[in-house]
Amino acid sequence: MKWNNRSEVWMHFIMSVCGGFLGGYAVFGRMAVFGSAQTANLIELVGDILGRNTTDALLRFGALVLYIAAMVIFSVMSKKTAWNLKYLVLLVDTAAVAVLSTMPEKMDPVLALYPVFFAMSFQWCVFKGAEGYACSTIFSTNNLKQTVLSFAEYFLTDRELVEERKKSLKKGRFFGETILFFHASVAAAYAGLQFMGLSAVWLVLVPLSAGLYVTETQEGAIRGWISSLRFKNAA
């Protein structure tokens, strides 16, 4: 199962690439609206309510509803079904890409990013991290914090405490690599938008295809491991 455990890490990095690309697409392609999180959206929603901008308030409230709906759907499906929701994330992200490709350039940026609000929320629920770390694949604030703190602990811990330093170094590298994959994909989104316009969103299918391959290979390894256990028990 060693390879299978490592594949979890690579799947995490692949989904960070997807999250980074869609985040970059949203910011660079849709007037700096970040569709992967709710902090800015909720701040703007309060401003629209106080400023009595009913239309914008309703659009931002709709984005909030979609974000919450994805969380509710995840909760229900994780409790009531035995499905591997990783496959569903890949399907939802692909559907989001298809819908985004149809959104006109001149439409309201918040409305245009409704698919991102839903897809990234669902992705966040399913891909919570790897290696025992809670680590987001759709934004970087806490990942940056954990990277800095872990490396600080590594350098500040006495050299005699070898195991503690190893743990800090491992954690710092994991969160740092997540940031690297995420923001390398942000850069790819920027470049793609410069050369391909909004149709660059289709490039997300590349990491999604890689994610499908890793997930299917991982599932095959798990099925093989379970079958071998059953065979041993039967014997």
Side-chain angles (χ1 to χ4, degrees), residues 7-30 33-38 41 62-78 81 83-103 109-130 134-140 143 178-193 196-219:
S7 71
E8 285 283 349
V9 176
W10 280 110
M11 193 63 194
H12 171 81
F13 290 150
I14 288 169
M15 297 316 296
S16 295
V17 170
C18 295
F21 196 99
L22 287 175
Y25 167 88
V27 171
F28 301 134
R30 294 293 181 178
V33 176
F34 187 48
S36 300
Q38 280 298 300
N41 186 58
L64 174 62
V65 169
L66 283 172
Y67 209 82
I68 293 172
M71 296 177 180
V72 172
I73 291 171
F74 164 78
S75 297
V76 172
M77 297 191 75
S78 62
T81 72
W83 296 358
N84 184 341
L85 297 183
K86 293 178 182 178
Y87 285 112
L88 191 55
V89 169
L90 298 173
L91 180 61
V92 168
D93 282 5
T94 300
V97 167
V99 175
L100 286 168
S101 70
T102 68
M103 299 296 192
V110 175
L111 182 60
L113 291 176
Y114 270 21
V116 175
F117 283 109
F118 183 88
M120 291 297 94
S121 177
F122 194 70
Q123 178 176 315
W124 188 23
C125 289
V126 176
F127 289 95
K128 304 178 181 71
C135 183
S136 174
T137 62
I138 65 170
F139 47 75
S140 294
N143 295 347
T178 300
I179 292 174
L180 179 62
F181 278 103
F182 183 92
H183 287 283
S185 189
V186 170
Y190 179 84
L193 287 165
M196 301 172 61
L198 293 177
S199 61
V201 71
W202 286 109
L203 294 175
V204 183
L205 295 184
V206 176
L208 286 175
S209 298
L212 178 60
Y213 172 79
V214 172
T215 301
E216 183 58 28
T217 305
Q218 184 183 58
E219 282 297 297

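If you're wondering where the values come from, they're calculated on a predicted model, not measured in any experiment. Computation of the quantities below employed the complete heavy-atom set of this structure, encompassing side-chain atoms and omitting hydrogens, waters and symmetry-equivalent molecules.
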(message) Counting C-beta onward and ignoring hydrogens, is there a side-chain heavy-atom pair between L66 and S121 closer than 4.5 Å?
(response) no

(message) Any non-hydrogen side-chain atom of W10 less than 4.5 Å from a side-chain atom of F181?
(response) yes

(message) Just so I know, are the side chains of L203 and M196 near enough to count as touching, which here means a heavy-atom distance under 4.5 Å?
(response) yes

(request) Kindly determine whether V89 and M15 satisfy side chain to side chain contact (heavy atoms under 4.5 Å, CB included), including the steps that lead there. (result) CA-CA 10 Å; V89 169; M15 297 316 296; 3.8 Å; yes

(request) Just do the side chain to side chain contact (heavy atoms under 4.5 Å, CB included) check on Y114 and M103 with the steps written out, would you? (result) CA-CA 10 Å; Y114 270 21; M103 299 296 192; 5.6 Å; no

(request) Measure the shortest side-chain to side-chain distance between L208 and L212 over non-hydrogen atoms and say whether it is less than 4.5 angstrom. (result) no

(message) Taking S16's backbone N and O only, do any of them form a donor-acceptor pair with T137's side chain (distance below 3.5 Å, no angle check)?
(response) no

(request) State the CG-CG distance between L180 and N143, to the nearest 0.5 angstrom. (result) 12.0 Å

(message) Using a 3.5 Å distance criterion without hydrogens, assess whether the side chain of S101 forms a donor-acceptor pair with backbone atoms of A98.
(response) yes

(request) For residues V116 and L100, determine if any side-chain heavy atom of one lies less than 4.5 Å from a side-chain heavy atom of the other. (result) yes

(request) Indicate yes or no for a side-chain donor-acceptor contact from Q38 to the backbone of Y67 under 3.5 Å, with no hydrogens or angles considered. (result) no

(request) Determine the minimum heavy-atom distance between A200 and L193, stating which atoms define it. (result) CB-N, 3.8 Å

(message) Measuring from atom CD1 of I179 to atom SG of C135, what distance do you get when rounded to the nearest 0.5 angstrom?
(response) 8.0 Å

(request) Check for a donor-acceptor pair, side chain of T102 on one end and backbone N or O of V99 on the other, with a separation under 3.5 Å. (result) yes

(request) Would you indicate whether F28, at its atom CZ, is surrounded by more than 12 heavy atoms from other residues, nucleotides or ligands within a distance under 6.0 Å? (result) yes

(request) Identify the heavy atoms of G19 and Q123 that sit nearest to each other, and give their distance. (result) N-NE2, 4.0 Å

(message) The test is side chain to side chain contact (heavy atoms under 4.5 Å, CB included); show your working for F74 and L85 and say whether it passes.
(response) CA-CA 8 Å; F74 164 78; L85 297 183; 3.7 Å; yes

(request) Of all the heavy-atom pairs spanning I138 and F34, show the shortest one and how long it is. (result) O-CZ, 3.6 Å

(request) State, with a plain yes or no, whether a side-chain heavy atom of L22 is found less than 4.5 Å away from one of V201. (result) yes

(message) Side chains of Y25 and L113, heavy atoms from C-beta outward: is any pair under 4.5 Å?
(response) yes

(request) Would you give the length of the straight line joining atom NE2 of H12 to atom CZ of F127, rounded to the nearest 0.5 angstrom? (result) 10.0 Å

(request) Looking only at non-hydrogen atoms, find the nearest pair between D93 and M120 and report the distance. (result) OD1-CE, 3.8 Å

(message) Can you tell me how the ring of F122 sits relative to the ring of F118, calling it parallel under 30°, perpendicular over 60° and tilted otherwise?
(response) parallel

(message) For the CD1 atom of I73 and the CD1 atom of I68, what is their distance to the nearest 0.5 Å?
(response) 12.0 Å

(request) Could you tell me which non-hydrogen atom of V33 sits nearest to which non-hydrogen atom of P109, and how far apart they are? (result) CG2-CB, 3.9 Å

(request) Ignoring hydrogens and angles, tell me if any N or O in the side chain of S136 forms a donor-acceptor pair with the backbone of F139 under 3.5 Å. (result) yes

(message) Is there a side-chain contact between Q218 and K86 in this structure, where contact means two heavy atoms from C-beta onward sitting under 4.5 Å apart?
(response) yes

(message) Nearest 0.5 Å, please: how far is SG in C18 from CG in L205?
(response) 9.0 Å

(request) Could you tell me which non-hydrogen atom of S7 sits nearest to which non-hydrogen atom of V214, and how far apart they are? (result) O-CG1, 3.8 Å

(request) Consider only side-chain N and O atoms of Y87 and E216, and report whether a donor and an acceptor are under 3.5 Å apart. (result) yes

